[in-house]
Amino acid sequence: MVNKSENTYLNLFNSQKINQFSVGNTTYKARIKKLNRLKNALEFTYKQRLRDALYSDFKKPQLETDLTEIYPVIDEINFVKRNLKSWLKPQKVETPISLLGSSSYIKNEAKGVCLIISPWNFPVNLTFGPLVSAIAAGNTVILKPSEMTPHTSKVMSDIIEELFDDNEIALVEGEVEVSQELLKLPFNHIFFTGSPQVGKIVMKAASEHLTSVTLELGGKSPTIIDDTTNLDKVVKKIIFGKFMNVGQTCIAPDYVFINETIKTAFIASFKQHLDEFYSEKASESNSLARIINRKHFERLKSYLEDASLKNATIEIGGSYKEEDNYIEPTLVFDASEDSALMKNEIFGPILPVKTYGNIDEVIDYINSKEKPLALYIFSKNKKTIKHIINNTRAGSTCVNHNLLQFLNHNLPFGGSNNSGIGKSHGYFGFLEFTNQRSVLKQHTIGAVDLLMPPYNNFKQKLVDLTIKWF
Ligand code: NAD
């Protein structure tokens, strides 16, 4: 672990800067070796410690840790292993006839020294996932995980310390001030995952050095259910997507629009399947994590109180246990537009539901808000699905399920504007940490060489012909 002391971060940064070419010139085989060591740590040597740490931090169930923290990083590593050789091959491109005598290629080179700042909600996945892309691209990296999951950060720090030298990859633990200090340094790329509010701070700091950024942000992700679905199946999927990690998931359905004709059936089905998943005493279920800390617990509690004051109806749930940071899975109808529940990203186990008559009302509503990170559509009607996709904007869409788009590494993952800038996963994540360097090589004297000063009528004619014909 890197200690906090004056100039530590600058010294660390400088040591990585010096080392960047040696790391950037490693072969794909050497990079895969490093990724295999990380994979081995996650799959075997540190697996139980990570499970225990996540349970200590917010009682994350073991199965959720395996499925949503460990598996996605291992899957990302496997994907990179299958593809890295071809991604690193110089890519020959055509050269126009006006540049006759030359050849051209694109070299995917490392950006250099990178900073990865990650959030607390999927601390392993969102710290090591981008790290896999950064290693694949040949960068040196400083990692700054969230201060809100100290047990998990400690285990990740031990993994990094065991596997890498500081001048290649280092993990820095600490409070927000640590991120603020790091953000003063002239990184070659910053990959930030967190809230749009802090994303703006990161982008501002990056602009001082014209550092490129990837911003994986959040927001309110809408879900639409029309009247053509098998409601029971849909409700199960939504309960899974919304209450996994107790709703502390950037791509969880934030609120749901249902066709007004299915309201009664929707509530009944929701109650039945919630009980099935978490038993009637959800607070005793070992399939539900806890709210990350008292501050977020209080925030969510205040959202519920505010919604009730503004005449919302709590159809299911609504109870909480302060001593355990527990909030019951809750279904709310008629939350007013000026309630905190409808204005802010919820990031917890509260699901507001709105009813609609005509799908265009839904589209207009969504388009009146910031572009969401995810938009979910449950429908059997192909025309409705196409109509919604064509008339809205979102970072990603999953049709007839939720969350699953995150797991396909052939798809770019990320938001748009307020929900993010840039993409991650697979080739898209690799590109984010890569400079696509253009190389043009001249082999023999070319047409342009005939056009050098002094200019004359003959050369002017050559230019005229070039504009006309090439
Ligand atoms: P956050 O923005 O509060 O913090 C994220 C990171 O930034 C942490 O490491 C924190 O230490 C650091 N940070 C906080 N304040 C800072 C400041 N003033 N200056 C510099 N650094 C600062 O986010 P969070 O609460 O950890 O995570 C929740 C948010 O992240 C939600 O909005 C969620 O939607 C979003 N998120 C997005 C994705 C995605 O992939 N798009 C994934 C997970 C979470």
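Read the numbers this way: they start at 1 and go in the same order the structure lists the ligands and their atoms.
Among the atoms of Trp120, some N or O lies under 3.5 angstrom from an N or O of ligand 1. For ligand 1, the polar-atom distance check against Leu217 finds a nitrogen or oxygen pair separated by under 3.5 Å. Residue contacts with ligand 1: Ile201 is placed with no nitrogen or oxygen under 3.5 Å of a nitrogen or oxygen of the ligand (distance criterion only). Residue contacts with ligand 1: His296 is placed with no nitrogen or oxygen under 3.5 Å of a nitrogen or oxygen of the ligand (distance criterion only). Considering backbone and side-chain atoms together, Glu345 places an N or O closer than 3.5 Å to an N or O of ligand 1.
Within ligand 1, the atoms closer than 4.0 Å to a non-hydrogen atom of Ile117 are 6 (C), 7 (O), 9 (O), numbered from 1 in the order shown. Annotation for ligand 1: atoms under 4.0 Å from non-hydrogen atoms of Asn121 are 43 (C), 44 (C). Shown in contact with Ser118 at under 4.0 Å from a heavy atom are these atoms of ligand 1, numbered in order with element: 6 (C), 8 (C), 9 (O). Taking a cut-off of under 4.0 Å to the non-hydrogen atoms of Lys144, the atoms of ligand 1 that pass are 9 (O), 11 (O). The atoms of ligand 1 that sit less than 4.0 Å from any heavy atom of Phe347 are 28 (C), 31 (C), 33 (C), 34 (O). Every atom of ligand 1 is numbered from 1 in the order shown, and the set under 4.0 Å from a heavy atom of Leu126 is 42 (C), 43 (C). Residue Val176 has at least one heavy-atom neighbour below 4.0 Å for each of these atoms of ligand 1: 14 (C), 15 (N), 16 (C), 17 (C), 18 (N), 19 (N), 22 (C). Set against the non-hydrogen atoms of Thr193, the atoms of ligand 1 under 4.0 Å away are 5 (C), 37 (C), 38 (C), 39 (C), 40 (O), 42 (C), 43 (C).
Ring centroids of His296 and Phe347 are separated by 6.0 Å or more, keeping the two rings apart.
In this structure, the side chains of Tyr46 and Val155 come closer than 4.5 Å at one or more pairs of heavy atoms. The side-chain heavy atoms of Asn402 and Ile251, taken from C-beta on, include no pair separated by under 4.5 Å. In this structure, Gln180 and Val176 have side chains that are in contact, with non-hydrogen atoms separated by less than 4.5 Å.
For atom 35 (C) of ligand 1, the nearest protein heavy atom (residue, atom name, distance) is Gly194 O, 3.2 Å. For atom 10 (C) of ligand 1, the closest non-hydrogen atom of the protein is Glu147 OE1, 3.7 Å. Shortest contact from atom 23 (O) of ligand 1 to any protein heavy atom: Ser195 N, 3.5 Å. Here the protein heavy atom with the shortest distance to atom 19 (N) of ligand 1 is Gln180 CG, 3.7 Å. Here the heavy atom of the protein found nearest to atom 12 (C) of ligand 1 is Ser179 OG, 3.9 Å. In this structure, atom 15 (N) of ligand 1 lies nearest to the protein heavy atom Val198 CG2, 3.5 Å. The single protein non-hydrogen atom nearest to atom 40 (O) of ligand 1 is Phe413 CE2, 3.3 Å, given as residue, atom name and distance. For atom 27 (O) of ligand 1, the closest non-hydrogen atom of the protein is Pro119 CB, 3.4 Å.
Under 4.0 angstrom from ligand 1, the non-hydrogen atoms of Leu373 all belong to its side chain. At a 4.0 Å heavy-atom cut-off, ligand 1 touches Phe192 through the side chain alone. Using a 4.0 Å cut-off between heavy atoms, Thr249 makes no contact with ligand 1 at all. At a heavy-atom distance under 4.0 Å, no atom of Met148 approaches ligand 1.
Put simply, the side chain of Asn19 gets close to the backbone of Asn167: a donor and an acceptor are under 3.5 Å apart. Distance alone, capped at 3.5 Å, places no donor-acceptor pair between the Asn286 side chain and the Pro61 backbone. Side-chain N or O atoms of Ser207 include one that pairs as donor or acceptor with a backbone N or O of Lys204 at under 3.5 Å. Panel note: side chain Lys111, backbone Ile190; no donor-acceptor pair is recorded below 3.5 Å. Although no hydrogens or angles enter the test, the distance criterion places no donor-acceptor pair under 3.5 Å between the side chain of Asp226 and the main chain of Thr384.
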Are Phe187 and His209 close enough, and set up right, to give a ring-ring contact (aromatic ring centres under 6.0 Å, His included), and what steps lead you there?
CA-CA 8 Å; Phe187 283 97; His209 304 289; 8.9 Å; no
Between Tyr365 and Phe257, does a ring-ring contact (aromatic ring centres under 6.0 Å, His included) hold up when you go through it step by step?
CA-CA 10 Å; Tyr365 180 90; Phe257 265 109; 5.3 Å; yes
Residues Phe13, Tyr9; criterion ring-ring contact (aromatic ring centres under 6.0 Å, His included); working and verdict:
CA-CA 6 Å; Phe13 176 86; Tyr9 307 133; over 10 Å; no
The test is ring-ring contact (aromatic ring centres under 6.0 Å, His included); show your working for Phe428 and Trp87 and say whether it passes.
CA-CA 11 Å; Phe428 306 96; Trp87 295 348; 9.2 Å; no
Candidate pair Glu337 and Lys369, rule salt bridge (Lys or Arg N to Asp or Glu O under 4.0 Å), full reasoning:
CA-CA 12 Å; Glu337 283 307 308; Lys369 310 283 175 197; 3.5 Å; yes
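Donor-acceptor pairing under 3.5 Å is recorded for the side chains of Asn36 and Lys81.
Applying the ring pair (Phe, Tyr, Trp, His ring centres under 6.0 Å) test to Phe128 and every residue at least two apart in sequence or in another chain returns nothing.
Less than 4.0 angstrom separates atom 4 (O) of ligand 1 from none of the non-hydrogen atoms of the protein.
Comparing Ala374, Gly174, Cys250 against atom 38 (C) of ligand 1, the shortest heavy-atom distance belongs to Cys250.
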